[in-house]
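First the structure, in the form of structure tokens, and then the observations on it.
Just so it is clear, the model here is predicted, and its values are computed rather than measured. Chain letters run A, B, ... following the sequence lines, proteins first and then strands; every chain starts at 1. Every heavy atom of this structure was used, including side-chain atoms; hydrogens, water molecules and symmetry mates were not.
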Amino acid sequence: MKSSNVKNERILYGISAIYNTPDEILHAAGKVSDAGYKKYDVHTPYPVHGLDNAMKTDWPILGYVAMFLGLSGAAFALLFMYWSMSIDYPNVIGGKPFFSLPAFIPVTFEVTVLAASIGTLFTMLAVVFKFPNNAHPLHDTAYMDKVSSDKYGIVIEAKDMKFDREEVVDLFKLTGSEEIIAQYYDSEILATKINIFEPKFVTGLIAMAIVTSAVTYFSLNVLMDMKPFTWMQFQKKLSAMEPAEFYDSGFSMRTPVAGTVSRGHKPYAYENDPEGANTYLSNPLLATAENLEVGQKKYDTFCSPCHGYYGEGDSRLRGQFPTPPSLHSSTNRNSTDGRLYHIITVGQNTMPSYARQLNPTERWQVISYIRTLQRALNAKEEDLK
Amino acid sequence: MMIPDDLGYQRKKLSLRGILIGAAALIVGAIILGMGYAADSVRASYNVLVIMLGLLSIGFGALFFVAMEHLFNNVWSIPFRRVTENLASVLIVVPVFAFILSFNMHELFPWLRPEVLDADSYIRGKSAYLNESFFWARNIGVYILLMVFFVLLVMRSWRQDKTKNPKTSWWISRSSGAFLPFFAIAITVVAVDWAMSLSPKWFSTMWGVYYFSGSILAALALITYISIDLTERGYMSKYISPDHFYSFGGLMYGLTSFWAYIAFSQFLLIWYANIPDEILWFMDRSQGGWLYFGLALPVIRFLIPFIILITKPSKSDPVRLKAMALFIFAGHLYDLFYVIMPEYSKLIGTPSVLPIGWIELSIPLVVVGVTMVSFNLVSRNRAMIPVGDPRIKKGLFFHL
């Protein structure tokens, strides 16, 4: 703080003493705490082990804060990954279960360390340094210069109950300090208020935000489209549906080896044998709500354009296509499930095969749904009960 | 602080207690092992393999710590260097076990069995490296070089007690520099040959580091236990302070995390990639009882030591340190058992049954017995702190 024309008063902060070795500071800190002083602090250029014992400080609470934050970080990371990977957006990754602990361990570890370290830092700033306070009476003093490079120092504050100038100086002399100085600070410091909306600071903040955004935009949207960053996008590889000079056929896609069967494919044994289908096939599915629901959906999508939503042959195609007979005819009602299955699979008259649109299970589900429609128009006596 | 002129050390002969207990354990263990050989020589030979790798761990780890101390000019560990050096003497005994094993090579290593080689072109493809003559050639070579470094690092330090020549320390630190690259290769060769090749189809590029991380942890645990025990019984300098113990505790804590990091990394990569050649080893260890045996491993080797050693007071409290040192050492034997014995279960056709019976009692008994006897024999006629080292005072009056 620069001095101004406001009337300034020098206030005694405390008395400082400088020592040359860590052994001396340990000894002196022990003497000061033995003498019963409470408001004093020790400054060293690096953490000197054993100071906490010499100063008889309480067991610090910061360790528990770090443990609490670390465990919270671990719990948060695990729960978040559990929620996102197995509840909100479950995705099969590498054939692993949705909640696969080993894959989550590295992330959990990182979040634990991050939460513990950053959280502890902010706790320390808030509790020990009383953020947003950013000044201390010892700042910019010769004492601070020394204890932050190669000397060790103690300050006993004037606010201490037992503070007495002569006694403190005597104590420091007794412990072997050769540099004992009274530290003052200006009264105007107390009147200074921290103004975070200072124009210079705000301008700087805005400028920084603009620069950061510009650099981010440039690197993500412009730089990524330049060579050499695009090399990976244009690799020597074959894409489906693209011509390929590599193969004699000129196509990038290859014909499967003769006799290849796709996964889960079951060949249809009664391709040219409607009687066999009629005799030997029967619906393997029960008419459960789930099956009928799928059947209805598939029927409405693939069958209803011609057969009508209720199977009455009321085509929505307005004569552009021959209208099929009603599904409620007695022929249809009395035909076996196997016959219907055969018609769906192979086709009949102008009706093409629907084997590509409907897999075998779906065909049976559609048949179950057709049976339900037929039953609805031609209910039996006992259905009315 | 005023530094006194003396070292606070009175040379005392170690009491006979250690050697007697060690000899008793060794004799009982050897009798069990002998009976084991009579009853089931294959199973006994797998036990001997665990014993040998356990002793090698101690020797390798101890030599490693000696070299590290000289290379990095550690000060705090100098008063305990004699313990480390004397522990390395178990290396002298290791060939005895290798000799015993040489009679059961065909039961131990599938790549030596003609019927396996005939059936599996995969294993046959590795025979340029995995063949009997090259196996013995490289292992004997590694052992001879290890003994050369034992002389250079340990025996020269023993001699320094009498000569008090400061130049010797300079020479040892130069030898340590040469030792470390050799050490990295040697421990990998030993780990791959004696443990990984039990399952010759499988491979892990982290295997050497895995054995290394377990070994240095086990050696450090023994060094910690013996150093604290000898200090408490007054065989060491009286100037040894809690700050020295704190360094042991901190190092054990750090290396425990290191082991967990290595072991988990190896598992994670193999588990994630899920390639048939690589998951083989873990599949063998997920059968029946072995699954639970393996699930307990991270708890024993990582979780318990990690939680107990996490606080500051526990890192310098001799009682907790000694307990954890013994626990960590037992954990290493458990780890080696987990590495080797499933191959025996697989060999005899019961891959899900844990082979734990009276024969297995010989593993801890022989390892502890050999270590105690060799340590005591070597230590009886020597000073327990390296009195000839020029930095010994710096080490004794070390504080954090």
Handout entry: Contacts with chain B made by residues 39-59 of chain A (heavy-atom distance under 4.5 Å), listed by residue number
Key =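 Checking residues 39-59 of chain A against chain B gives A/His49, A/Asp52, A/Trp59.
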Handout entry: Contact listing (chain B partner; residues 74-110 of chain A; heavy atom under 4.5 Å)
Key =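 Counting heavy atoms that sit under 4.5 Å from chain B, the residues of residues 74-110 of chain A involved are A/Lys96, A/Ser100, A/Pro102, A/Ala103, A/Ile105, A/Pro106.
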Would you find more than 12 non-hydrogen atoms of other residues, nucleotides or ligands less than 6.0 Å from [X] atom [atom1]?
{"X": "B/Tyr292", "atom1": "OH", "answer": "no"}
{"X": "B/Met283", "atom1": "CE", "answer": "no"}
{"X": "A/Lys31", "atom1": "NZ", "answer": "no"}
{"X": "A/Ile61", "atom1": "CD1", "answer": "no"}

Handout entry: Contacts of A/Asp170 that satisfy side chain to side chain donor-acceptor pair (under 3.5 Å) - sequence neighbours left out
Key =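 Not a single residue meets the side chain to side chain donor-acceptor pair (under 3.5 Å) criterion with A/Asp170.
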Practice task
If a pair satisfies salt bridge (Lys or Arg N to Asp or Glu O under 4.0 Å) and one of its residues is in residues 298-309 of chain B, list it, with sequence neighbours excluded.
Solution key: B/Arg301-B/Asp335
